[in-house]
Number of protein chains: 2
Amino acid sequence: MKKHSGKNAHEPHEVKDAVKLVQSYPSAAITVDCVIFGFEENKLKVLLIKSDLEVYKGQYSLLGDIVQENEDLDAAAYRVLKQRTGMNDVFLEQVKVFGNPDRHPGGRVITIAYCSLLNINHHELKIHDNDLDWYSVNGIKTMAFDHMDIVDVCHKWLQKRIQEHPLGFNLLPEKFSLRELQNLYEAILGVSLDRRNFRKKFASMDLLIDINEMEQDVPHRPGKLYKFNFEKYAKNKRKWVGIDF
Amino acid sequence: MKKHSGKNAHEPHEVKDAVKLVQSYPSAAITVDCVIFGFEENKLKVLLIKSDLEVYKGQYSLLGDIVQENEDLDAAAYRVLKQRTGMNDVFLEQVKVFGNPDRHPGGRVITIAYCSLLNINHHELKIHDNDLDWYSVNGIKTMAFDHMDIVDVCHKWLQKRIQEHPLGFNLLPEKFSLRELQNLYEAILGVSLDRRNFRKKFASMDLLIDINEMEQDVPHRPGKLYKFNFEKYAKNKRKWVGIDF
DNA sequence: AATACATTATGTATAGTTTACGCGATAAAG
DNA sequence: CTTTATCGCGTAAACTATACATAATGTATT
């Protein structure tokens with residue numbers, strides 16, 4: 001990897017010129033904020049923490065951190081996720097930048113919102129410092145900074161994304177019933193779907209593996225359990241031409 | 001609008017704390033880069049300019065500029081567009097942030113890519129300084145910085161977007177034939193479509209206004225000319241629930 | 001053990017959409 | 001006056017989505 005420190009006196013003059021130029025630019029602090037969605041009790045939830053800024057005392061905020069010098073943006077988001085939840089290698093995607101000049105009371109701070117989905121039961125939140133916990137997306141009314149905006153944008157982004165790609169499986173246990181899957185979709189999309197057509201849809205996509213197990217300890221007739229066929233999905237991602245507005 | 005200068009001694013202590021905190025953060029320069037697509041000679045084109053950095057001498061780059069202190073990100077993108085093309089009030093949307101630590105030889109510069117579509121014939125490029133001009137998207141092989149990446153990402157974004165929203169009309173003259181419209185879609189999507197089904201599709205959407213005029217000076221049977229019904233589109237945007245992967 | 005109840009699992013009929021392609025009409029060019 | 005290219009309309013078949021029906025299977029209750 002090339003190094004562009006600007007302090008190296010032996011760099012060619014073109015690079016020194018570029019360094020001088022960049023140093024003359026106004027600059028801003030860069031943060032990443034992770035909107036980490038989970039699913040529990042048939043509700044879409046998001047991981048929040050009480051703001052540690054005095055100005056926003058008592059208000060909730062997203063999990064975020066400063067992007068370090070020489071740190072890639074995606075890497076910073078993965079770092080935050082790892083630090084706060086202990087999880088790595090999960091779904092994580094850049095959604096949008098928020099850079100209103102007044103969005104942070106301490107000065108110009110531009111934040112990049114990342115969206116992530118994870119299974120609430122796959123990891124215990126060991127430390128609940130600053131009320132770190134899962135909160136129902138529908139219940140949140142106000143947040144610190146512009147974080148309410150960010151959550152709204154990410155929620156809409158997720159609603160759209162989950163209809164084009166089967167992201168939902170990241171939110172469910174490894175084995176799940178069709179009802180659980182449908183509940184998830186209904187919670188994210190905020191609609192109710194026809195049970196029979198929903199099942200048929202997924203059956204026809206052939207992305208579910210019937211593992212010949214049944215639900216346990218449900219107060220009604222148990223349903224079959226399935227696993228998601230990640231391989232099959234990876235192979236035939238939809239090729240997609242169709243005008244549709 | 002609130003002011004958070006940090007130089008005001010009469011601000012409450014919580015704000016002063018926040019200012020101190022933000023000042024301790026590493027910072028980066030922020031730019032916007034506009035990927036401005038146009039359509040001409042049945043080709044998708046993009047507006048480029050020769051880089052003015054010595055390091056990238058002879059290579060093409062996107063139209064971009066520094067985000068000023070206290071300038072909103074969207075505003076900066078609109079400013080660039082206006083300065084370079086004289087156009088305002090056109091389609092412009094944030095696509096993605098590019099923040100690789102080594103993407104700029106002069107130091108850490110994070111750029112926000114914006115996508116815009118405009119009608120090449122609606123404005124003459126008066127000044128061709130630094131070879132400012134339209135270049136065929138398919139013909140570009142290398143660019144300064146990571147701009148080739150940015151163009152690729154924006155092109156894919158456009159391909160997807162144009163199938164969900166009728167953006168294409170921003171690229172065409174006010175009056176256009178169905179063939180022109182189809183050529184545009186084919187150029188953007190890189191596929192060929194059935195003429196008759198394409199016509200039917202648009203006819204059924206009822207978004208085209210037949211203005212009872214015919215093409216002039218075409219070397220074959222002239223087709224009807226249409227206008228796009230922006231109002232109708234604005235009213236019934238697709239409500240959209242359907243799982244589809 | 002019989003019954004009520006909730007939920008799973010599968011099916012079917014119908015309407016709507018997409019796709020592939022046929023064909024006559026019309027303008028331009030030789 | 002024929003050839004050629006494109007326009008504009010049309011239709012049949014395949015596929016997809018939607019609404020609704022009913023039997024099977026488990027738990028809970030009498």
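Reminder, nothing fancy here: chain letters follow the sequence lines and each chain counts from 1.
Residues B:F176 and B:F228 place their aromatic rings such that the two centres sit no closer than 6.0 Å.
C:dT18 atom C1' lies 8 Å from atom NZ of B:K201, rounded to whole Å. With rounding to whole Å, A:D244 atom CG is found 11 Å from D:dA17 atom P. Nucleotide D:dG10 holds its P atom 20 Å from the CZ atom of B:F198, rounded to whole Å. Put simply, CD on A:Q182 is 12 Å from P on C:dA9, counting in whole angstrom units. Regarding B:M205, its CE atom lies at a distance of 13 Å from the C1' atom of C:dT18, rounded to whole Å. Whole-Å rounding puts the B:E215 CD to C:dA28 C1' distance at 13 Å. Here C:dT10 presents its P atom at 16 Å from CZ of A:F202, a figure rounded to the nearest Å. Per the geometry, CG belonging to B:L225 stands 11 Å off P belonging to D:dC7, to the nearest Å.
Salt-bridge check for A:E174 with A:K227: passed, with a basic side-chain N closer than 4.0 Å to an acidic carboxylate O.
The side-chain heavy atoms of B:Y185 and B:I162, taken from C-beta on, include a pair separated by under 4.5 Å.
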Side chain to side chain donor-acceptor pair (under 3.5 Å) between A:S51 and A:S61, intermediate numbers included: CA-CA 5 Å; A:S51 174; A:S61 70; 4.7 Å; no

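Looking at A:H165 and A:Y233, their side chains do bring a donor and an acceptor atom within 3.5 Å of each other.
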Can you give one letter per nucleotide of nucleotides 20-30 of chain D, going 5' to 3': B for a protein heavy atom under 4.0 Å from the base, S for sugar-phosphate only, - for none? BB--BBSS---

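With a 6.0 Å cutoff to the six-membered ring centre and a 45° limit on the axis angle, B:K43 does not count as a cation-pi contact of B:F39.
Both A:G242 and A:R199 lie close to DNA chain C; mapped to their nearest nucleotides by heavy-atom distance, the more 5′-ward contact belongs to A:R199.
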